[in-house]
Each structure stands twice: as structure tokens, then as C-alpha cells.
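Written out below as C-alpha cells is the structure these notes cover.
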Amino acid sequence: MHNRVRRQRFSGILLLSLTLFVCRTLAGGENTTGIHGTGEGPTDSNDEHDDPEDGRMGIAHGHVHERYPVAEVNWHHVETPYIISLWVLFASYAKIAFHLTEKLAKIFPESCLLIILGIVVGVIIYFAAKDVMLEYTLDSDTFFLFLLPPIVLEAGYFMPNRSFFDNIGTILLYAVIGTLFNCFCIGASLFGIVSLGWVKVEMDLLDCLVFSSLISAVDPVAVLAVFEEVHVNEVLYILVFGESLLNDAVTVVLYRMFKQFASMGPQNIQAVDCVLGVTSFFIIGIAGTVVGVVWGLLTAFVTKFTDHVRVIEPLFVFVMSYLSYLTAEIFGFSGIMAIVFCGIIMKKYVEANISQKSHTTIKYFMKMLSSISETIIFMFLGLSAVRDDHVWDVPFILSTLFFCLFYRAIGVIILTALANQFRTIKVNKVEQFIMAYGGLRGAIAFSLVALLEAPTDILKTRKSLYVTTCMIVIFFTVFIQGMTIKPLVDKLKVKRSNKHKPTMGEKIFTRLLDHAMAGIEDVVGSHGHNYWRDKWEEIDRKYLQPLLLREPPEAKDNQILQVYTNLNIKDAMEYVKSAGSFNIRAGSMANFLRRSTSAPGFHTNNGSIPYNVSDICLDMHSVGGAGEFAAREVDDAEIHHVSNIVFGSMHPPKRKHRYKRSMKHHMADIEQEKHDHLLHRSVHLHLRHVIKQRKKKAKMANRPSHHSLHSENGKHSRNSSHAHLEKHQGHHHHGKTPHKNVSFSIDTPSSPDEIISQVHVEETVKEEPNSSDEEGGITFEARPGARKASDTSVSQVERQPKVTATALELVNIVASSVGAGEYNGHDETDAPASPRPEIEPTAAEALLPWKQYSEPRLSDRAREESFGALGTPTPSPTGSDEEVDAAKADVSKADGQDDKEGLEDLDAPDDPASEDKVGQSLAQSTPAEGHFFNNAEDDDQYNGDDETSYAHPRRAQHLGDSDSDDDVDHHHHHHRPRGKRRHHHHHHHHHHHHRHHDEQESDSGGEDNPCTVVTMTTVTLWISMPVRTPVILWTRLCFLTVFH
Amino acid sequence: MGSRSSILLRDEEIDEIRKETGFSHNQIIRLYHRFNRLDKGNNGFLSREDFLRIPELAINPLGDRIIHAFFGISRDQTLNFKQFVKVLATFRPVQDGSDNRLNSREEKLKFAFKMYDVDGNDKISRDELLLVLQMMVGANISEEQLGCIADRTIQEADGDNDGLISFEEFCGAMDRTDVEQKMSIRFLH
């Protein structure tokens, strides 16, 4: 591969050179039509004037000689943008190539490779087309106007604000004093060398100072390029990098001042000029910062109103920060400081205002721009090195290099000693070394050199010497230091950055500490940075946020919440990665939903239903058969589709009901909603996990009893199970039917096999009572129609001989999923989902759990207890009661001892913090989130066997390492193990059933029997909700995370 | 004023405190000034009220918890100078070499832990966590969200699954946090 890549790169270079050569030939050899660098700088005005003329001439030419040009060559017309594009393209290729060559990338920082590449290309061009060579150098205007801003903007925007401001004092010390020190020392020392007569080129002190002013500044681009690959700790990084950014003001001032002085002549300089120079330093630096802050705040303010034009949100960020740079440049302020502070300031508010997508766009676009700018800069640095007019004055060059390194080291040591007096955390020796060593010079210096005017021959020679020296210094620092800094960091055991997403506890802890340390400082009476941070946050909270944020700085903006959401997203991603089956089902679900939603006769045409169902079965089958399938691939399109359908159709009711209690969520903005939903889903997810853990023990102990029921041989007679079911139903008057729900719903077994096995479970009706026993409580079926349906289906299945029962089994599957669907639907939406026209709300709805969920939950426990006291199996408002109830009922059927155990476990709090009984895990959540809780619990129940995969990812991880299935077997719901067993025993059956399903699909057309009604209902319900929990959740999370 | 305070504080006492806490002589005197300034009643000890009179601390969302943690070491409701300095010594920056028990990572974490631990049973319960969370974020986050966050936090740290965070679990959870840096403040010399 290595070779291939190299060949690739080489051919790329050849190709490019060839292209350029051809271009030049085409251009007819005019000497002015090329570009300087990327050729857009204002100084290229001559070229730009020429170009259109050439173009026009070409066209005119064509017209004179031919009647009508079938095709014409309009090279001049496109020349400039074309060449620029080619360069960008080429640079990008180079970047790809470098990362393909692992060996190279390990030794060299990317910047080195790009410079080398630039040199190589330069040499090729030099020999191929020497006359154009000069045009391909790094042009100062291009650099400062187009290449530098993106890099600096990115630096500012993604600046680790906290450490930046925590260390601002030290950074400024290095940036201002350090740069001044370097400049004057290097300048003076160089003059010393010159005075000694070692240097042939003539220059005075001011000339030396001009040069030292530009060579002394550490370059942000170079530092960024190298330090990004060396992951030193954040403080060290911010010290070096912050310095390189903030020294711009100093550099600009010194450079300008000395240049001015040099042109004025030393004899004309008065003290007042120096004073003015010092003043201008403050003006340039501070005004630059102010300009940046103002533009940053403006940007934030503008994005407050972009909620209807999301598309252009990123534009504001880019254009306005660029304008801040340009504005600062107009007045000669420090553009770099302006754009850095613009980025720093705007980020927080902008991010709170804009949509997630815009945020992603900004992030990527910014990174892309800066990356490509950087690439071009380094390449052109390399290119620029190939030139004729180098002046090799070795003593000057070497002494410059030496002084740069020497004074950098001295400066760092002195200043660190100074800074350490005031720093809480001292900069240690090793860090000082790395700081000194990391003082890389770069393209800014080169561009400044290139800006020097050289009207006379002497000046030209001098400039050439400067250019050469500058090149050497840059190359030395970038190559030698850049390459060795990584091994050095390893060797010296510099504290590395441990970049990780903070855990919840860490985030809260950090926040706590901020307050605590500010408080301690108050106690001590000293105002350290904790105090100022506290003050700033107060101002921010009181004035800025209300002004700049679209919504009051509530949940969305809160960092803690953000962390929480991020963590959940991460978990979700991990889960999706570890349990690839989700994607498949998402895919099949997409098909399913698409078909079902697009089929107009869906609700009345029974034929379509089996089709859909079997389709899913087939999907599952294929999953089972194909094993891995393409499971790991996230099918964005599919997921997107699902999410569109599901979110589109299902959110409205949810919004209406779920958010009744939290008014602040009343936002029409979908993006906003996405965010909120995300949170809620995470919450949901999380709670499920909590509950599950809580229940685990109970379940484990409980399991044997159920287990015995199921596993005895799985051959409970239909009658007995039916009796069981009916008995259970007896408990639940009020028109409620316990629905079993081995969820056929998409909710997630951790492996495809399990889905299949689940289907089998459902197909064998006799087993259902068991589970309905356990779960009946939760599945309150409020709709008489639906209840009848499931009853019918059950009884029908019972009447059917097993072999021919497939259709009915199918119905039953669906019917059973009604429960899940129904319930899930309500869980998710807290309201009947839309596509369920045939179901009328009944009076029983008043008793529906989810209806009550929308009420304050404080009384839940009391209610539960009162129900318990009544000792009636009345439907209680929470699924948890039901569960206890159901568990008892179930237990009564099972072996006494087991029962006892189970009950004990159910009743015994396995957690001191939890209150009593299983359902009391509610106590874990605040009353208000009871519905989440129930939600989770219900899902738990319904998707019992899906637990591992579906449930909390952390759990999935926990369980799923090697043997999630088995583990689950041991830990979880009864039907899970059963399902598994089924799977093993009846795998072959599956194929059967598929066939049957297919047959049914073809011939189950128009009969209007109970089955079809049931099927209709169920499927409708199922569509409306079932999948919702998992699929929506995961799709959303996938979505967000994929782009995150 | 300075002379008055330093007279009250005998050299032997300063020496003793210096050895124990690692503060320099000047720092101790400085802190003693501060102590006297806070001690409105000139009682020779600080009460909670004295702390609450510090304006910034009074508006600090966690001011109450900070004071609570401050008083953690003295069971009675007062804090004499030695105790005061001892608590503050916790926040001395950790220096290489000069290793002092009072400002170790563990001591720092202990202070933070005490801020959470309202009832002083050496465990952070969900309710305690929730309380701190509520103080910190105010009304920004809804109750239910906070609840979830608290759950998640406990879940992360809870090694023995008892739903409580013990000090060991707490330390474990903060393993990756640069406590030494974050819990240090600069004492003027």
C-alpha cells in the first residue's frame, strides 16, 4: 500500500505539474496572467485587469476566423479560479496521501510533509517552467486575507476557553513580554554579529530589528500543526498556542514601527515616536480585541433571530467573524486577535441559538477551511523556498537560528520564573522546555518578510537574505523541532492531555468546584481567577444570556444537561455499534412503515397486513440466516426514513401531552424538539436501566418460578394456559385485558436470532399466558375492540390445529403486539397515536395509566398502596402495581417456595434508597418523571427479552460482553429464556412459518373475520407506536451522533 | 491593624501552624488578619453567621454547602483560627516535593465530598446530590431532568450498587479530574 500511495502521489505531482505546464502553454506565455500564490490578492490587480482582456481577445479571435465556434477554448476566462481549485485539489490529495502512508505520518508532522511536497513541486515547476516560478510563492496578501483567517478563526472558535482564561495572565506575559524580549534581544544580537563584520550584507540596527520583529514571533499555524499531533496537557498547549495567537499584536506593532523607523531613517526618530509606538501597541491589541468581541456579540445576537432561516446560520458565523478580521485590518488593529476573540465570544451563544445541523456544519466547515488553508500555506512555503535569489550568508543565517532558539529558551525560563510567582499551578521544568522547544516559526514570518519593500539593489539583497534566513529558521523549527518534539514529549514524560468526555459526576463535580473555589477565595479574601470567573458568569447570566440567547438560558444551554445528553448519545452509539441488529430492524421497519403508510387501503385491506408482517419476518429471517448481515453498517437513508415517518407522524401528540407539564418545551421548532426529545429519550433510556438494575435481583429470584412454568417442557396445555389467561382476565375487569406482549415489536432482542425466536414464542400461543400473567398488569388494554381482538385471536388459535394455525398465529403475533404497541404508543406519546381511526376512546380511558401519568405523580405511591390495601386486582394507575399484582398472580400458580422467593425479592428493596416494592423504583425518579419510569418499565416488560440490547447501553455493555444472550437468560424476563430455547428447538419451524406467511399474504384477501379485524387494529396500532421507543430513540441518537 | 493581629498571634503558635499546614509565616499572618476581619464579634472564633456575612459567599449558590464543609471538622458551630487555617490549608497548591498531608489530593476530595454529604453519614445519597444540583443550576433545569442527572451520576460512581456514593467511590469517579489543580488557590505570600 505504501508503494501504491507513493506512486499515487508521485503521479499526482506529475499530473499537476503537467496540468500547470499545459495551462501555461495555453495561456500563451503571457508573463502577467498567472497568479500569485492563489492569486486573489489585491496586489494582483494588474493580472486581473489583464485577464478579462485576454479572454475577450480569445473570443474575438475565434469570431473572426470561424463562422460559429462549435467549441472554443476560454482558458483565460477561468484561469485564476481554475488554478486555485487545482491547487486546493492537489493539496487535498496530498493530505490524503500522507495519511495513507502511515510510516511517514508517524515520523513527520503533516506540516513537514507538505513543505517537502511543496519543495518537490517547486523544483519540478522550476525546471519545467522557470518563467512562472516566481508566481507560485506565498503571497502576503493572499496569506493574510484568505489563508490565515480561517485557521485563526478555528483556533478561536474551538479554543478551550476555560484553560485559556485561567491562564490568560501567563499567556499574555509570554506573548507580550516574551515577544518583546525576543525581538530586542535577537535584533541587538544580530546587530552585534553584523558589527563584527561577519555578515557581508550591510545593515544597521533598525534593519536588524525589523527582521527580528518578524522572526521572533511564534507562529500559530505552525504551533497548531505540530501540537495537534502531540497531545500535551491542556495547560501547556494553551500556553504555547495562546502565546502564538496573542503575540500577533506585538508582532504587528513592532514590525510596523521598525519598518516605519527604518524608512524614516534612524536620525529622525524621536522619543515621541517610541512613545507612540508603545501606545499603538495597546491600541492595536486592545482595539483588535474589542472589535472581535463586538463582532462576536453581534453574531450571537443575529443568530438569535435565525430560527426560520436555519440554512444561513453558518454563514453568519463565517462572514461576521471574517468581517471582524477585516474590520480590524482596516484600522491596522490586530486582525488575529479580533477574529480569535470573535470566535471565543460568539461560540457559546451561537451554539445555543443555532440548530444542531448548523452547528455541525459550522464545525466541519471551519475545520475544513482551516485544514485546507494550512495545507496550502505549508505547501506554498515549500514552493516559495525554490527560488533563484537566495542569499546564503551563512553566519547571518546560523546566528539568527541560534539566537532564535537561545533567546526563546532564555525568555521562557525568565518569564516562567516570573509567572510561577503568581501561578497556582507552577509551570515545571519539563514544561518549560517544551514551551521553549515549541516556539515554532512559520508562515506569518515569511509573509511579513515578503511584504518588505525592496526598491533598491541593496535592499533587494537584504530582503533576499531575510527571506533565505527566514526560510531556514522556519524549516528548522518545523522540521527538526516539529519532528523531535513528539519523541521528546514521550521521553520527558510530559503530562499528556487526557481528553475524554466528562462523565456526569465529573461535570457536576467540576461545577461544584467552580463555586466552591470561588467561595473559598471569598473566605480567604483574595480575588483569584475563580473570583473573576464567578463574576463573569454572573454578568453572563444576568445580562448577556438574556440578550443574546433566543430562549432564556434554560435547559438547552446548560452544560450539565449537555453533558448528560452527550453521554447518552455516546452510550447509544456504543450500543448501536455493539448490537448491530438494530440497524437491520430499522431498515425493515422503514420498509414496513413506508409500505404501510403509503398503502391507501391499508386499514381496510387485510391482505396488506400479512404481507407487511411477513415482510418483516422475512427480514428477520434473512437476518437470522445471514448471520452478520450488513448489520454494522448504519443505513442512514433507512433510518432517516424511519425517523421521518415516525417522528413526523408521531411527535405531535407526544408534544401535546408529554410536555403538558413543562411549558417551556412548547416550541414549534423541530430542531429544538429534537434536542428535547433526545433528552427525554435518554432519560427514558436511562431510567429503564435504573429500573432494570433494580429489578434484576427480583427477577433473578423470581425467574425460577416462572421458569418452571415455561420450561417444564414448554408444553403447557393450551387449555390450562388459556384458563390461566382467563383467570387472569378475571382479575382485570373494567374492560381491560392483559396483553401479553412478547414484543414482536422492533424493540430489540440483542441478536437477530432472538427476534426470530420471539416470533416463535408468539406463535406458540400456549406460552403466552405465562407472560401475560407476568405482564398483564401492565398491558391495560383500554379498548374493548382491541381486547376482544386479542381474546379472539387467542381463542381462535386455540381452536385451530397447530399445523394450520399459521395465519392465526400470525394474527396472534400481531395481536399480541397490540399490547406492546398500544402501551408503547402511550408511553411514548401519552396519547392515542394518530393512525388508529377505528378505535374510539372509551370511558375506560379515564383510568388509563397514561392518562394518569400526566398528572402529578406525587400521589402515585399512595395510590398504589391504597390499591394494595384494597387487595383488589383493580387496574392501578401504574404499571408497577400491575406488575406486582401480576407477579403475585403468577406466583400463586407456581411453586409456592419460588413464589415466596419471588415475592420477597419483589417486595424487598434491594436498594436502601429505593422505597418498597418493585414498582417503587419510582422512588428513584422524581415524581414528575413517573411516566418515564413507567415507560421504561413497560418497555421492559414488553420487550422483556430485548432487555440487554434495548435497554441501557451501559447495561448492554455490561451484559453483552461475550454472552449477552446467556447472561440475559439468567437475569431477565422469563420469556426471554423461553424465547431462546424456542429458538434452539424450533429454528426450523421458522422457515415454515415464513412460507405460511407468504401464502397467507396471497390469499388472506377480503374476509372480514375477527382475525382480520384484529390484524388491522393491531397492525395499525403497531405502526403507530411500537417501534417507537427503540427505533426513534436509536435513530435519533444515531443521527445526532453520526454528525456530531 | 496588622500589628494588632500579629501581636495576638504568638510566634510559637505561628510556628506550630506553619509546621502543620505548610503555610508560610506571612501567609499565616495574612490569614489571621482575614480571620479577625471575619470575626465580627471578636470572639476568637467564627460562626456560620460570620461566614454568611461575606457578601460574595452569601450569594454563592453553594455558599451554604461550602460553610457546611468548612465546619465539617468542628462538630460545634464555631471555628477557631487553627481550624480555619487547617481547612484553608486544604487548598494550598500541591508542590512537588513539599508533601503535606493537609493539601493532599485526598484531603481536597474530602472537602468536596463534605459539600455533597449533607447529613454527614459519609455517603452521598441521591437526595443529597439532587440538593446540590438544585443549588447549582437553580431553576434552569427541570426537576425531572435533574433527577435523571442525579441518577446517572450515582449510577456512574456507584461501585457496590447500593445507590449511595461512598467516599471511595467518589474518589474513583473523580480519578481523571485534575483535583490538585482545580482545588488549589493561590495564597498571597
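Reminder, nothing fancy here: chain letters follow the sequence lines and each chain counts from 1. This is a predicted model, so every value here is computed, not measured.
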Region of B:A173 that comes under 4.5 Å of a non-hydrogen atom in chain A: backbone

Which answer fits B:I124, side chain, backbone, both or neither, if we ask what part of it has an atom under 4.5 Å from a heavy atom of chain A? neither

Under 3.5 Å: donor-acceptor pair, side chain of B:N60, backbone of A:H515: yes

Bottom line for B:M115: the part with an atom under 4.5 Å from chain A's heavy atoms is side chain

Using heavy-atom distances under 4.5 Å, tell me whether B:I54 contacts chain A through its side chain, its backbone, both, or neither. side chain

Under 4.5 Å from any heavy atom of chain A - which part of B:F35: neither

Listed partners of A:K535 passing salt bridge (charged side-chain N to carboxylate O under 4.0 Å, His left out), at least two apart: none

The criterion is side-chain contact (heavy atoms from CB on, under 4.5 Å); which residues satisfy it with B:D15, sequence neighbours excluded? B:R18

Tell me, side chain or backbone of A:L513 under 4.5 Å from chain B's heavy atoms, or both, or neither? side chain

Who among B:F51, B:Y116, B:F111 has the most heavy-atom pairs with chain A under 4.5 Å? B:Y116

What residue in B:I66, B:D127, B:I154, B:I165 has the most heavy-atom pairs under 4.5 Å with chain A? B:I66

From CZ (B:R65) to CG (A:L512), nearest 0.5 Å: 9.5 Å

